[in-house]
Amino acid sequence: MIENLVIVESPAKAKTIEKFLGKKFAVRSSMGHIRDLAKKNFGIDLNNNFEPQYIVPDDKKKIVAELKKSVKDSGIVWLASDEDREGEAIAWHLYEVLKLKPDNTRRIVFHEITKEAILNSINNYRGIDRNLVNAQQARRVLDRIVGFELSPVLWKKVKPSLSAGRVQSVAVRLVVEREREIINFTPSSAFRVTGNFHAGKEENSFKADASTRFSTKEKAEKFLDQCLNSEFTVKDITTKPSKKSPAPPFTTSTLQQEASRKLGFSVSQTMTIAQRLYEAGKITYMRTDSVNLSTTAMNSAKKIIDAEYGEKYVNPRNFTTKSKSAQEAHEAIRPTYIENKTIQGNNTEKKLYELIRKRTLASQMSDARLEKTTVTIDVSESKENFIATGEILIFDGFLKVYIESTDDEQEEETKGLLPPVKKEDNLTYSSINAVQRYTSSPPRYTEASLVKKLEELGIGRPSTYAPTISTIQNRGYVIKEDRPGKERKIISLLLENRSIKEQTRNETYGSEKAKLFPDNIGMIVNDFLVEYFDNILDYNFTASIEKEFDDIASGKLNWTDMIGKFYKPFHNQVEETLEVSDYSKGERMLGKDPDSGKPVIARMGRYGPIVQIGENDPESNEKPKYAGLLKGQQLETITLEEAMNLFRLPRKIGTYEGKDMVAAIGRFGPYVRHDSKFYSMAKDIDDPFTITAERAVELIESKRERERNRIIKTFDEEPGLQVLNGRWGPYISFNNKNYRIPRKTDPKNLTLEQCHEIINESSTKKKKKS
DNA sequence: CAGTGAGCGAGCTTCCGCTTGACTT
């Protein structure tokens with residue numbers, strides 16, 4: 001018999017707390033929610049005022065059984081789940097499932113794991129807040145209604161197994177709309193003029209930009225002509241102090257963003273590594289929306305900064321969250337022991353830990369102080385000025401430890417120190433350069449910048465950012481990939497040695513790395529949902545229902561009333577959509593086939609995106625011609641010309657040994673078919689549209705050659721064992737399993753005995769590993 | 001492994017938020 005049983009959500013938390021509480025307390029964890037709506041039959045009784053049908057999922061049965069046992073053996077049960085809507089609901093589900101009694105059950109909360117905070121919570125216990133629980137039930141039920149009514153509409157109207165939901169569908173919408181902005185973006189160009197000036201010695205030259213940009217080459221040229229005959233005088237110098245303040249400590253979302261920008265981690269990678277750090281006791285909880293630090297943490301940060309950098313660098317700060325949706329059940333993400341500069345662990349763990357530590361330290365450090373100098377240069381023959389800006393760091397402050405990155409790809413030119421010049425000084429130029437500059441489209445989202453946007457909209461929670469990003473990719477709505485840039489010509493005019501020279505050079509633009517692109521099905525699903533369910537896809541939908549959840553939490557609104565008001569019109573909308581909407585294939589008319597005059601249509605087919613010539617007319621005997629899109633081609637952007645090109649495959653390219661050779665593209669890329677056998681083309685070398693008969697024969701013969709060389713050795717005694725040549729060198733095939741041959745061994749001279757030795761050795765190795 | 005797109009019908013898919021392992025390569 002233990003006097004007190006404390007139940008928290010996470011086992012790592014349980015371990016820490018147990019140390020603070022001493023022998024009279026046992027601490028167990030629930031591993032998050034222990035009950036959820038049944039998946040069968042909708043999980044909500046629509047005829048009985050939305051009564052939720054809760055069940056204990058299979059993977060939670062064991063935990064519940066263990067908790068029941070612990071409850072039996074103890075006196076007072078302390079429900080210590082997180083201090084937010086979900087945490088309150090977990091406490092209530094525990095109360096219900098474990099059949100707890102009011103007189104020996106106590107609800108406690110703390111949002112930092114320190115001894116004081118926990119002891120304090122024990123002295124300030126309360127009961128379960130039923131209003132807060134009801135707000136959670138409303139949230140849960142509404143998400144189930146939206147998800148389980150919308151998804152089946154997609155199964156019927158677009159494709160089976162698709163999904164829609166309050167969070168994921170908006171995430172997809174953001175990506176789709178951004179892509180369309182980019183597709184519709186037309187860059188414009190202007191000439192930016194930069195001069196290299198100096199007052200005395202040429203080594204002391206500095207750069208200054210013309211105060212306006214010139215829309216055409218002619219205008220830029222005219223200005224350079226004026227410069228050619230001008231005198232340059234310093235007209236004005238101003239100096240202004242400025243300061244920079246550190247960013248707050250990490251939340252889940254900002255950690256994901258910085259780990260992405262600075263370390264190149266994907267959102268899920270960051271969370272997996274952070275989870276390991278948390279379980280090892282190196283950092284505080286990693287799923288949080290709070291920027292708050294405990295007083296103890298602030299004090300140790302202060303000590304470290306003082307010791308390592310001096311008192312001048314110390315500036316304790318309390319940050320407040322900007323996010324309206326924040327529930328702040330935890331602290332910000334910080335090292336548990338900030339004095340540890342690094343930790344034991346693998347490389348990625350070390351890097352992420354050090355990032356978290358630097359960010360935490362910097363947040364408690366002084367502002368950086370700068371001085372910004374602006375020099376205005378008069379051009380005697382023109383109304384325009386040149387302007388030079390310089391920035392010097394007077395005091396580095398937090399910058400000594402940590403600089404936050406930005407998403408801006410346009411790297412800001414580093415402004416340095418300007419050489420000493422005075423008002424009225426005459427300046428000479430060594431060169432003045434007018435360079436054509438294009439405007440750039442809005443940037444595509446990265447995983448992390450999409451999380452940032454969702455957080456700004458108050459959509460999703462720290463525990464769901466990473467899973468949401470995975471879901472929209474797993475469903476095929478969005479793909480993360482690299483794209484090569486395109487080339488364009490840039491004109492520049494260089495004024496040097498009293499003459500103006502025109503030059504053109506190439507610039508690549510629009511190359512992308514690990515960016516989110518909508519795929520065909522994502523665009524079709526999004527367009528369908530936006531057309532018929534614009535209210536749910538609205539960026540403010542979550543924010544507006546959150547207000548109602550708040551009213552439920554404060555007791556002003558009854559949760560079933562709120563759901564009732566939502567359900568009826570929404571359900572009608574679903575029924576109506578099923579009736580009036582057409583099957584959505586994302587059809588786009590591309591134009592007319594120049595040969596037959598029939599329409600050319602791009603659309604989604606059973607197995608992927610296709611183009612077709614002619615319409616599907618059940619009354620006509622003439623079937624349309626079909627061709628699949630190539631990888632990288634999108635229904636949204638494919639042109640008539642590109643579509644017509646696809647119909648050139650499959651293409652007969654000649655005959656060999658009396659049989660036809662046909663070039664085409666299959667599921668595994670381009671191939672040549674000959675005598676009903678398939679021969680893959682070489683990646684980046686062969687092109688099915690242009691491949692010659694000679695080259696095709698080469699492919700056929702080289703594969704035959706490989707086939708001939710495949711078998712190195714067989715044994716009559718044991719036909720199931722063969723020594724073969726594979727892609728990665730010789731190997732032994734035995735009972736459909738493959739075994740690597742040690743490098744030093746010559747495969748040709750292997751005996752049957754030696755083969756078995758290799759097989760046995762590798763299987764014992766595998767056992768050891770597992 | 002390597003096309004295809006007809007038509008029938010049974011049975012399945014799906015949400016968001018809390019949490020960790022259990023899996024394979």
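Quick note on labels: first sequence line is chain A, next is B, and so on, each numbered from 1.
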For this session: Could you say whether A/I145 or A/D82 is positioned toward the 5' end of DNA chain B, judged by the nucleotide with the nearest heavy atom to each?
Result: A/I145
Exercise. Should A/S463 be listed as having a side-chain N or O under 4.0 Å from OP1 or OP2 of B/dC18?
Worked result: yes
For this session: Not counting sequence neighbours, which residues clear ring pair (Phe, Tyr, Trp, His ring centres under 6.0 Å) with A/Y567? List them please.
Result: A/F50, A/H571
Problem set entry | Row check, A/W559 ring normal vs A/R139 NZ/CZ: under 6.0 Å, within 45° | no
Exercise. Heavy atoms under 4.0 Å, any strand shown: does A/K39 hit a base, just sugar-phosphate, or nothing?
Worked result: base
Exercise. Hey, is NZ on A/K625 packed in by over 12 heavy atoms from elsewhere, all under 6.0 Å?
Worked result: no
Problem set entry | Side-chain donor/acceptor of A/R140 to base of B/dC15, under 3.5 Å | yes
Seminar exercise, completed: Rounded to whole Å, CD of A/E279 lies from C1' of B/dT20 at a distance of 7 Å
For this session: Assign A/D59 to base, sugar-phosphate, or nothing according to its heavy-atom contacts below 4.0 angstrom with the strands shown.
Result: nothing
Exercise. Just the dot-bracket of DNA chain B, please: which string comes out with Watson-Crick or G-U pairs under 3.5 Å, [ ] for crossing, | for another strand?
Worked result: .........................
Exercise. Has A/W155 got its ring stacked on B/dT13, by the test of a centre gap below 5.5 Å and a plane angle below 30°?
Worked result: yes
For this session: Give A/Y278 one of three labels, base, sugar-phosphate or nothing, depending on what nucleic acid heavy atoms sit under 4.0 Å from its own.
Result: sugar-phosphate
For this session: Would you classify A/S30 as touching base, sugar-phosphate or nothing, given that sugar-phosphate means primed atoms plus P, OP1 and OP2, and contacts are heavy atoms under 4.0 Å?
Result: nothing
For this session: Give the rounded distance in Å between these two atoms: CD of A/Q137 and P of B/dC18.
Result: 15 Å
For this session: Please evaluate the base of B/dC16 for a donor-acceptor partner in the side chain of A/R139 within a cut-off of under 3.5 Å?
Result: yes
Exercise. Excluding sequence neighbours, so at least two apart, what forms ring pair (Phe, Tyr, Trp, His ring centres under 6.0 Å) with A/Y465?
Worked result: none
Exercise. With distance as the sole test, does A/E9 use its side chain to make a donor-acceptor pair with the main-chain N or O of A/D82 at under 3.5 Å?
Worked result: yes
Exercise. Nearest-Å distance, CG (A/L537) to P (B/dC15)?
Worked result: 15 Å
For this session: Please report, rounded to the nearest Å, how far the P atom of B/dG21 is from the CE atom of A/M271.
Result: 15 Å
For this session: List in chain and number order the residues that pass side chain to side chain donor-acceptor pair (under 3.5 Å) with A/E88, two or more places apart in sequence or in another chain; answer none if no residue qualifies.
Result: A/R107, A/R126
For this session: List in chain and number order the residues that pass side chain to side chain donor-acceptor pair (under 3.5 Å) with A/Y532, two or more places apart in sequence or in another chain; answer none if no residue qualifies.
Result: none
Seminar exercise, completed: Closest to the side chain of A/D84, out of B/dC18, B/dA2, B/dT20, is B/dC18
For this session: Taking only the side-chain nitrogens and oxygens of A/Q612, find out if one of them lies under 4.0 Å from OP1 or OP2 of B/dG5.
Result: no
Exercise. Think A/Y285 has a side-chain N or O under 4.0 angstrom from the OP1 or OP2 of B/dT19?
Worked result: yes
For this session: Looking at every strand, decide which applies to A/Y679 at a 4.0 Å heavy-atom threshold: base, sugar-phosphate, or nothing.
Result: nothing
For this session: Give the rounded distance in Å between these two atoms: CD of A/E88 and C1' of B/dC18.
Result: 14 Å
Exercise. Quick one: is the NZ or CZ of A/R475 closer than 6.0 Å to the six-membered ring centre of A/Y477, and within 45° of its axis?
Worked result: no
Problem set entry | Which residues share a ring pair (Phe, Tyr, Trp, His ring centres under 6.0 Å) with A/Y54, sequence neighbours left out | A/H93
Exercise. Under 4.0 angstrom, heavy atoms only, what part of the nucleic acid is A/P11 near: base, sugar-phosphate, or nothing?
Worked result: sugar-phosphate
For this session: Select from A/P467 and A/D36 the residue whose nearest nucleotide in DNA chain B is closer to the 5' end of that strand.
Result: A/D36
Exercise. Between B/dC18 and A/Y465, is there an OP1 or OP2 to side-chain N/O distance shorter than 4.0 Å?
Worked result: no
Problem set entry | All ring pair (Phe, Tyr, Trp, His ring centres under 6.0 Å) counterparts of A/H674, not counting sequence neighbours | A/Y656
Problem set entry | Residues within residues 162-169 of chain A bordering DNA chain B, heavy-atom distance below 4.0 Å | A/L162, A/S163, A/A164, A/G165, A/R166, A/V167, A/Q168
For this session: Give one of base, sugar-phosphate or nothing for A/R603, where a contact means two heavy atoms less than 4.0 Å apart.
Result: nothing
Seminar exercise, completed: The correct set of residues in residues 451-460 of chain A placing a heavy atom under 4.0 Å from DNA chain B is A/G460
Problem set entry | A/T464 vs B/dC18: side-chain N/O to OP1/OP2 distance below 4.0 Å | no
Problem set entry | Options B/dT20, B/dG5, B/dT14, nucleotide nearest the side-chain atoms of A/R287 | B/dT20
Exercise. To the nearest angstrom, how far is A/K156 atom NZ from B/dT14 atom P?
Worked result: 15 Å
Exercise. Relative to the ring of A/F570, is the ring of A/F533 parallel (under 30°), tilted (30 to 60°) or perpendicular (over 60°)?
Worked result: tilted
Seminar exercise, completed: Contacts of A/T251 meeting side chain to side chain donor-acceptor pair (under 3.5 Å) (sequence neighbours excluded), chain-then-number -> A/T254
For this session: State which residues pass side chain to side chain contact (heavy atoms under 4.5 Å, CB included) with A/P624; sequence neighbours excluded, sorted by chain then number.
Result: A/Q612, A/N616, A/Y626
Exercise. Can you name the residues that form a side chain to side chain donor-acceptor pair (under 3.5 Å) with A/E548, not counting sequence neighbours?
Worked result: none
For this session: Just call it for A/R461: base, sugar-phosphate, or nothing, with non-hydrogen atoms closer than 4.0 Å on any strand.
Result: sugar-phosphate
For this session: May I ask whether A/F148 stacks on the base of B/dT14, given the cut-offs of 5.5 Å between ring centres and 30° between planes?
Result: yes
Exercise. B/dC16 P sits how many Å from A/D143 CG, rounded?
Worked result: 6 Å
For this session: Answer yes or no: does a side-chain N or O of A/R475 lie under 4.0 Å from OP1 or OP2 of B/dT14?
Result: yes
For this session: Whole angstrom is fine here: how far is it from CD1 in A/I601 over to P in B/dG5?
Result: 17 Å
